[in-house]
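Below is one structure; the comments refer to it alone.
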Amino acid sequence: MKIVIVGGVAGGASAAARIRRLDEQAQVIVFERSGYISYANCGLPYYIGGVIEDKEELTLQTPDSFWQRFRIDMRVRHEVFAIHTDRKTVSVRELDTGREFEESYDKLLLSPGARPTQPSIPGTKLERVFTLRTVEDTLRIREFVTQHRPRSVILAGGGFISLETAENLRELGMEVTIVQRPKQLMNPFDPEMAAFIHAKLRANGIRLMLGRPVEGFEEVDGTVKVLLKDEKPLSADIIVLAIGVTPDTHLAKEAGLELGIRGSIAVNDRMETSAPDIYAVGDAVQVKHFVTGTNALISLAGPANKQGRIAADNICGRDSRFTGSQGSSVLKVFDMTAASTGINERAAKEAGIDCDKVYLSPANHAGYYPGGKLMTMKVLFEKKTCRLLGAQIIGHEGTDKRIDVLATAIHFGMTALELTELDLAYAPPYSSAKDPVNMAGYMIENLFSGTLKHFHWDEADLLPHDGSVTLLDVRTPHEYSKGHIDGFINIPVDELREHLDELKKSRPTYVMCQSGLRSYIACRILSQNGFDCYNLSGGYRLYESAVLDRTTVERAFPCGADKT
């Protein structure tokens with residue numbers, strides 16, 4: 001059997017190695033357009049910043065190492081430019097010589113990946129305007145930075161690659177600005193969680209220009225001007241376009257393969273395309289979202305590797321299925337970690353799911369052990385069934401551990417109530433006896449059982465101040481004096497029982513503290529004394545962060561105009 005693979009990196013290279021492990025006799029040829037067959041795409045920004053010093057560390061495998069280990073014919077700088085499904089061949093161009101030829105196949109695997117999204121605006125081809133997707137892109141940026149010592153950079157876009165590149169260039173001492181049309185960075189996160197990411201970037205000297213559509217670039221006297229809609233242009237020594245990626249599927253389209261959303265390649269759960277004996281994997285394919293069951297594009301290395309293995313299994317006569325992707329991800333933001341899995345609140349509403357959420361701010365390990373740091377967790381669940389839908393965590397050490405536990409729980413269909421039953425490892429340097437994941441389960445259990453009712457940060461400013469409700473802040477007087485929500489009176493939780501006669505049971509009572517824990521205790525006191533009580537989920541800490549960030553963004557539009 002002869003298998004031709006178009007594209008290496010995560011999907012194609014993992015498929016090639018798996019095929020050889022299953023079939024020692026198969027002839028496997030991989031055509032890769034770039035000069036690198038298998039590299040650490042996620043590590044590229046860290047080479048630019050010098051964290052990874054040797055470019056050879058980015059290369060996971062070379063054509064020679066693949067041949068030595070697997071006897072697989074890896075051909076770099078070879079571009080497949082046509083697929084002929086009728087005669088089961090592909091047309092190939094050798095980029096260094098221009099020679100063209102046809103290669104036959106019994107099975108064909110497409111792993112073309114995605115290309116950086118190029119907006120239809122002037123100036124994207126300027127010498128000082130870069131994209132970052134391949135090793136070659138990385139080397140160009142690193143060489144330019146090393147030789148020309150630019151003092152400033154503007155990144156267009158606010159996803160993973162943009163933030164990682166921003167951090168690395170900032171660590172080199174450059175003035176860094178991120179500009180984009182949406183009003184928040186990192187789409188997997190909801191706005192109130194993204195606010196913590198925004199604050200961390202600003203605290204490290206990165207300027208955020210959110211809600212600003214970019215309309216083009218102009219090079220003037222060795223610098224690049226970024227043209228913004230209805231605003232003065234920005235100026236920097238270099239520009240990095242990181243607006244996102246677009247599935248690279250022109251081959252599939254020209255061959256008549258069925259396409260999916262945004263021009264992606266449609267495949268079934270065996271990674272088979274609409275054409276016989278042709279498979280596709282990686283960033284170019286449409287998948288099912290594991291949580292919603294809807295069609296999705298999820299450009300992450302983990303799913304691409306899994307898909308490569310599954311396609312290889314099926315090519316070799318096995319029966320493997322891809323159950324979908326839930327988009328689990330983690331990001332380093334200076335000394336902070338941001339992680340997510342499943343869907344966010346926006347996606348849940350778009351899918352028509354009646355959802356609720358809890359916020360909590362636990363320490364990453366036992367409070368009495370030195371060095372503990374707070375994390376902010378948001379766990380999303382379906383109201384009626386308590387089915388887990390997604391989670392977002394902003395923190396430091398231990399953030400990745402908790403998101404992985406929650407990702408596993410979602411994958412195996414656990415309800416939020418079952419989080420209380422998880423037997424998780426505990427020692428003071430690593431966790432608490434009640435792990436934060438357990439705590440999220442306890443909080444949802446309280447809501448589901450009616451033990452607690454809550455309200456959220458974006459509802460706090462909408463509460464009436466006409467005396468029809470009681471607004472109560474149960475923090476200490478010192479905390480209250482440093483900042484509070486207008487209209488909330490201060491009675492510390494430890495003094496609450498002595499002041500119950502000052503509160504009216506006929507009015508709903510809305511209670512807040514710093515994180516939501518003391519106000520929960522206050523609500524239990526009040527509820528058992530006949531009050532109708534609601535707890536501010538996430539507390540003043542979450543409210544302050546979200547409202548401050550929203551105010552910062554809205555200052556760009558003082559008339560309240562929506563320019564998204």
Side-chain angles (χ1 to χ4, degrees), residues 167 189 192-204 328-341 357-379 391-409 416 419-446 454 457 473-480 482-483 492-494 512-522 535-546 548-549:
E167 175 182 339
F189 293 86
E192 72 278 19
M193 300 299 285
F196 291 102
I197 299 175
H198 297 171
K200 175 60 67 173
L201 292 170
R202 292 184 178 115
N204 282 275
S328 301
S329 62
V330 64
L331 173 70
K332 176 182 178 295
V333 188
F334 292 96
D335 65 341
M336 190 174 78
T337 301
S340 69
T341 188
K357 68 267 187 179
V358 294
Y359 302 95
L360 58 159
S361 298
N364 64 313
H365 59 60
Y368 59 84
Y369 188 85
K373 295 182 179 179
L374 288 180
M375 63 178 70
T376 302
M377 300 175 60
K378 177 178 183 177
V379 180
Q392 300 158 49
I393 309 178
I394 308 292
H396 298 82
E397 294 85 358
T399 297
D400 54 340
K401 168 184 172 178
R402 273 68 186 212
I403 207 69
D404 283 344
V405 172
L406 289 163
T408 304
L419 296 179
T420 63
E421 302 172 15
L422 291 178
D423 190 351
L424 302 174
Y426 158 61
Y430 302 104
S431 186
S432 300
K434 293 179 182 177
D435 189 87
V437 174
N438 298 133
M439 291 302 301
Y442 292 136
M443 292 172 68
I444 296 169
E445 182 182 62
N446 283 337
H454 65 183
W457 69 273
D473 187 326
V474 297
R475 296 176 298 162
T476 66
H478 176 69
E479 290 174 298
Y480 182 83
K482 292 174 65 177
V493 63
D494 293 339
M512 61 157 287
C513 70
Q514 190 69 11
S515 68
L517 176 58
R518 283 173 288 173
S519 50
Y520 160 62
I521 295 169
N535 181 38
L536 177 59
S537 183
Y540 185 74
R541 178 173 175 268
L542 178 71
Y543 169 88
E544 181 182 41
S545 174
L548 177 63
D549 186 69

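Both backbone and side-chain heavy atoms feed into the values below; hydrogens, waters and symmetry mates do not. Start at 1 with the first residue, then count along the sequence.
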Measure the shortest side-chain to side-chain distance between V333 and L201 over non-hydrogen atoms and say whether it is less than 4.5 angstrom.
yes
Which heavy atom of H365 sits nearest to which heavy atom of Y430, and what is that distance?
CB-C, 3.6 Å
Do D473 and Y540 have a side chain donor and acceptor closer than 3.5 Å?
no
Expected output: side-chain E192 to main-chain A546 donor-acceptor under 3.5 Å
no
Please confirm whether the backbone N or O of V437 pairs with a side-chain atom of D435, one donor and one acceptor, at under 3.5 Å?
yes
In short, L360 meets M439 closest at the heavy-atom pair CD1-CB, 3.8 Å
Decide yes or no for H396 and M375: does some side-chain heavy atom of the first lie under 4.5 Å from some side-chain heavy atom of the second?
no
Other residues, nucleotides, ligands: >12 heavy atoms within 6.0 Å of D335 CG:
yes
Within the 4.5 Å heavy-atom criterion, are R541 and S361 side-chain neighbours or not?
yes
Spell out, as yes or no, whether a donor-acceptor pair under 3.5 Å connects the side chain of S537 to the backbone of Y359.
yes
Non-hydrogen side-chain atoms of T337 and L331 separated by less than 4.5 Å
no
Where do Q392 and V379 land on the side chain to side chain contact (heavy atoms under 4.5 Å, CB included) test, with the steps shown first?
CA-CA 7 Å; Q392 300 158 49; V379 180; over 6 Å; no
Y369 atom OH, neighbour heavy-atom count above 12 within 6.0 Å
no
Quick one: do the D549 and H198 side chains pair a donor with an acceptor below 3.5 Å?
yes
Between M193 and M377 the two heavy atoms that sit nearest each other are CE-C, 4.3 Å
V474 and P492, any side-chain heavy atoms less than 4.5 Å apart
no
Find the distance between CD (E397) and CE (M336) and round it off to the nearest 0.5 Å.
12.5 Å
State the CZ-CZ distance between R518 and R475, to the nearest 0.5 angstrom.
7.5 Å
Say you draw a straight line from CH2 of W457 to OG of S545; how long is it, rounded to the nearest 0.5 Å?
9.5 Å
Atom pair CE/CG of M443 and L419 - distance to nearest 0.5 Å
12.0 Å
Looking only at atom types and distance, does a side-chain atom of N438 sit under 3.5 Å from a main-chain N or O of L422, one as donor and one as acceptor?
yes
Within this structure, what is the CD1-CG distance for the pair I393 and N364, rounded to the nearest 0.5 Å?
11.5 Å
Check P362 against P436 and note the closest heavy-atom contact, atom names and distance.
CG-CB, 3.5 Å
Closest heavy-atom pair, A440 versus V358, reported as atoms and distance to 0.1 Å, is O-CG2, 4.3 Å
Quick one: OG1 on T476 to NZ on K482, what's the gap to the nearest 0.5 Å?
9.0 Å
On a heavy-atom basis, the closest approach of A363 and L374 is N-CD2, 4.1 Å
